[in-house]
Every structure is written in structure tokens, then in C-alpha cells.
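Reviewing the structure listed below.
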Amino acid sequence: MRLENFPDHIRPYILPKLEGDLFYRCLGCGREYSIEKLLYICPDCGQVLLIYDRNFDSLKKMSGETWHELFDYRKMVDIPALKGIFRFHEFIGPMLPLEAILYLGEGNTPMIVANERMQELTGLTFFFKNDGQNPSGSFKDRGMASALSYIHFLIEKGYLSEVLAICASTGDTSAAAALYAAYLQPKVKSAVLLPHKKVTSQQLSQPLGSGARVFEIPGVFDDCMKVVEALSERYNVALLNSKNAWRILGQESYAYEIAQDFQYQLADKAVVVPIGNAGNISAVMNGFLKFYEVGIIPDLPKIIGVQSEHANPVYRYYLESDHTKRKFTPIAVRPSVAQAAMIGNPVSMPRVIHLEKQYNQTAGRQRVFVVQVTEQHIMDWQLLANRNGHISCPHGGECLAGLMRAKQEGIISRKDQAVLDSTAHALKFAGFQDMYFHRQFPREYEIHPDTALMNTPVLLRPEGLDKYPEPGKPLYGEDFNRFVERMVTEIARDLKLQKT
Ligand SMILES: *Cc1c(COP(=O)(O)O)cnc(C)c1O
Ligand SMILES: [Zn+2]
């Protein structure tokens, strides 16, 4: 829709006013730093940072209803910069001019309600939000859109030049980083570090296809992270891991979209997310908190973080109910099908601790929960969901397993509606499905395939046909008729079809 056609009371707000005054704040010592420099950790104490807006309170001048209308009308805008996560510009990068914003089709991912059969089976109403439908196939595109828009802004301002964007990854971060960096060629080049043999072949193909320099490092993600941190301390590189607080801002859009999709009524909603490096759950908490503070949502939804038994440091931290006695201890991870969350020392743990406190305090009761699930349940629930019309990745399966666990623990009831994060596209993790269907899981995964969930192709090459078509060698005449006839008979027998 053209700008002049928006109603008078909304038109002045459609284009963002760029009034944000952002700064980094250290979660350790509280010091504040200008955003003119790309910082990842506090130069003083080394803790992680979050980005705040000195003008945040001015957003409260507009009523919640007007914000609702504005976001609804922005869906109709024909300006690419505002079509993705920056529909919520005032909450993500309120100083970024539209020319600096990168839009590659991220955000606006669909929420798909579970069918009757799944609702009966689980005794719950739930949705999958398909973040695998982002351009590089995972939610990481949300954070890369904000981080690379910010880097683009610094380049245009002349604060930065010849950027080498670098990250360590369990697969999806590097796919997203390489994609967004590739769009800014030649001003930005990218390099990614991946744990050798710990990403799927699809995930490996992505940064390669985007032209990034790809390094495979022995060990697991936590080892890659150490290397990339040491690099960023000594050399002039732009770190794109979720240590980078700009990633968190973009990922907050996930919460904003859920709020909008439920017409801002979240009292009886639960948002379920897997936890790996804990950037995502931090962003989800922060996003809902911001909308709540401005009066856009009257209630904070429940948030349920889920971890596998094989990578559960956050779960263990919260096992201690007395918060004064909690102590974070990194763990050694074991193989997990929720591979993108196979992290023993989450970078965003200080953010989780800070925001979980703030979230529960603001809500006046416990609204953030962390549950743990088995590898078996992750796979079984993923496969079952996909047999009912979803395109869930293992992390989406982890969310559904976590939802069932939460129901058992009394965290969730029939009254709640849950949104499960299918953080990536099922296709990225097709290899785990293969292992399940062919009973090829290495023992360490502790997964025993349920025959009822298995599925393998049926090769039709029946006895008694002497000729089969081959590529470049088609059959003709009687040979071809005999072949078709025989195939029809075999398929009809297999499917027990009735003659018409
Ligand atoms: C990164 C990632 C996660 C984990 O998210 P964190 O922000 O690291 O907690 C989960 N699922 C997928 C598909 C991912 O790419
Ligand atoms: Zn500090």
C-alpha cells in the first residue's frame, strides 16, 4: 500500500523516526559503552553485554492500541526494509536508517496449529512456529539481519571498512552469517569455524555455497567458540556469534511476531524454545519484557526452555530451587540429535540469569521454566509431528517433548496454548531421520527406533520381468506395456487397492 493511503492517525508513524539512542551495558559491572564501536564483551571486566535504548521510555507515549494498529498496518508497507523483522524497528534497531537495513526474506514465519489427532494425543493445544522457513533455514537469520544491518550502518558511516565477519557455529549460525555477509560483498567477507563432523552435510554446504572461508576444527562447538574468541581478541574481525548483542535484538522479533499473531493476548500462552548457547531464550524473554513495559501486551506468557539430557547445563543450574545457592557449571556434552543445541558452556548464560530474574519479578510469579528431555523423546516426537503435517527439525521435536514434560510436571495445563519453536527446517537434519529409519544410530545417542515411526522406500523390481527401463534406455511397445502392467499390479497389492 502507498504511504498516502494509510489512515491519518497511523501515517506519521509508518516510517520509523530513528529516535533510538542505543548503548551497550555490561551485565557484570554495569558499565555503559557507545555503539559506535562493535563490542562483544565488556572491555573492562569481560562479561557479555546487552543493548539498551536511552529513549526507550518515549515509546510509552504511544498507546498499546496504536502500536497494535501500527504493526498491523506495517504489514502492508511496500518498503523492503520494513517487511521482515524491522516491522518492529523501534524495538530492534531504532537508530538504523532504512538504507542500512538488509532484508533477505527473514521473519514472518508461519504458526501452524496441531491437528486434532496431535491435540488428542498430547491433551494440549499447540502450534509450531516454523522458523525453518527463514532464508537460510533457521531462526539465526533473524539475528543476522540485525547484526549485519548494524555492520552495514557502521560501514556507511565510515566507522568500519573491509570487514571480516567470523563465527563459530553448530551449523546454522555459519549458514546465516555467510548468507548475509555474501549479500554485502565486497565490503564484508566471512569465515566460519565448524566442529569437524558435528554439522550435517546440508549445513556444511550452506556457508560453502555462500562463498565463506570454512574451517573445520577438531572437537565440539565449545572448542570452536574458544578459538574464535581468541581470534577476535587479537585480530580485527567482526564476531557474529550470539555473544554479539546485536544478534539478540533481531531474535527478539520472534517474540514480537507471536504477540502480534495472538492479538497481543498472551496470558494463557506458553512459548517453548530449545536452549543451546541460550541466545534465543534470552531474546525471547527480553522481547516480551519490552512489549510488556511499553504496554503492548498486558501479560507475560510462560516461557519453557528445553534441554536434552545430553547437553543440559542450564537445566542443571535451575535444579537448585534456592536461587542464592545456584552456581553455573559448564558440562561436557554427549552426542545429541538436537545438534544445534549441543553446547556445554552457553555464552549467554549471564543473560539468561539476568533476564529470568527480571521476567519472573515483572510477572510477580514464576513464568520461566527449564525442563529436560531424553534423546529418544526428541526423535519420537519430531517424527510423530511430521507425520501429522509439520516440518519440524529435531529441536522442534525437543520442544514438543519438553511440552509433554512440562505437562507432567504441572507447568502446563489444558488451558494453556503453546507455541513450539521449530528452529530449523527438517531437511537440514534429514540424516538423523535416516539413522532412525535404518536403525543406524551410534549407541551413544541412546535412541531405539520405534517400528511404528519408521519408514523406508519400497524398491519395486519384481521377479519375472526381463526388461526394466534405465536412464537413456527407455522401453517400447510390448516390453513397456508389460512393465507398466506389472508395476500397477505390485503397487495395488502393496496398498491393498480395490478395483473400480
Ligand atoms: C542455534 C540453534 C539452537 C539453539 O539456540 P541458542 O540461541 O544457541 O540457544 C537451536 N536450534 C537450532 C536449529 C539452532 O540453529
Ligand atoms: Zn563489565
Side-chain angles (χ1 to χ4, degrees), residues 24-33 39-50 109 129-134 136-144 167-177 194 198-200 202-203 206 221-222 225 240-245 247-248 250-252 254 272-286 303 305-308 311-315 333 336-352 354-355 370 378 382 391-399 402 420-429 432:
Y24 301 104
R25 181 185 289 148
C26 171
L27 288 185
C29 67
R31 278 199 180 75
E32 298 179 358
Y33 303 94
L39 290 182
Y40 320 111
I41 50 170
C42 175
D44 219 60
C45 78
Q47 262 284 23
V48 288
L49 310 165
L50 276 175
T109 54
K129 188 162 166 66
N130 288 340
D131 254 29
Q133 286 177 247
N134 278 298
S136 80
S138 87
F139 79 81
K140 298 295 199 301
D141 294 326
R142 296 177 182 274
M144 288 304 165
C167 65
S169 173
T170 51
D172 294 326
T173 298
S174 52
L194 298 168
K198 283 280 168 292
V199 305
T200 71
Q202 294 85 344
Q203 288 170 320
Q206 291 187 285
F221 168 81
D222 297 294
M225 192 64 214
L240 285 182
N241 276 93
S242 53
K243 195 156 230 184
N244 182 332
R247 288 266 313 278
I248 306 295
Q251 287 170 201
E252 288 168 11
Y254 184 81
V272 188
V273 292
I275 308 179
N277 230 353
N280 200 26
I281 193 167
S282 300
V284 169
M285 289 191 282
N286 211 29
I303 293 178
V306 191
Q307 293 211 295
S308 159
N312 60 358
V314 184
Y315 171 76
V333 293
S336 171
V337 293
Q339 192 165 265
M342 227 178 89
I343 294 172
N345 190 12
V347 157
S348 282
M349 195 61 207
R351 289 174 177 145
V352 173
H354 174 78
L355 291 167
V370 181
I378 296 176
Q382 182 210 342
I391 49 168
S392 170
C393 68
H395 315 83
E398 185 176 23
C399 288
L420 315 184
D421 196 346
S422 175
T423 45
H425 200 288
L427 290 175
K428 287 208 192 205
F429 297 93
F432 289 123

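Predicted model, so just to flag it, every value in this text is computed and none were measured. Atoms within each ligand, like the ligands themselves, are counted from 1 in listed order.
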State, to 0.1 Å, how close I248 and S348 come at their nearest heavy-atom pair, and which atoms those are. CD1-OG, 4.3 Å
Applying salt bridge (Lys or Arg N to Asp or Glu O under 4.0 Å), name anything that partners R142, two or more places apart in sequence or on another chain. D131, E257
Check which protein N, O or S atoms are less than 2.8 Å from the Zn ion (ligand 2) and report how many there are. 4
Taking all heavy atoms of G344 and all of D222, pick out the closest pair and write down the distance. N-OD2, 3.0 Å
Sub-3.5 Å pairs, protein N or O with ligand 1 N or O:
residue, atom, partner, partner atom, Å
ligand 1, 7 (O), G279, N, 3.2
ligand 1, 7 (O), N280, N, 2.7
ligand 1, 8 (O), N277, N, 2.7
ligand 1, 9 (O), G276, N, 2.8
ligand 1, 9 (O), N277, N, 3.2
ligand 1, 9 (O), A278, N, 2.8
ligand 1, 11 (N), T423, OG1, 2.8
ligand 1, 15 (O), K140, NZ, 2.6
ligand 1, 15 (O), D172, OD2, 2.6

Reference residue T423; test side-chain contact (heavy atoms from CB on, under 4.5 Å); the match among P274, S138, S392: P274
State whether a side-chain donor-acceptor pair under 3.5 Å links K129 with T109. yes
Non-hydrogen atoms of N244 and R351 that approach each other most closely: C-NH2, 4.2 Å
Apply salt bridge (charged side-chain N to carboxylate O under 4.0 Å, His left out) to the pair K140 and D172, showing each step before the final yes or no. CA-CA 7 Å; K140 298 295 199 301; D172 294 326; 5.1 Å; no
Do we see a donor-acceptor contact under 3.5 Å between the side chains of D141 and S136? yes
Residues in side-chain contact (heavy atoms from CB on, under 4.5 Å) with T170, at least two apart? F221, A340, I343
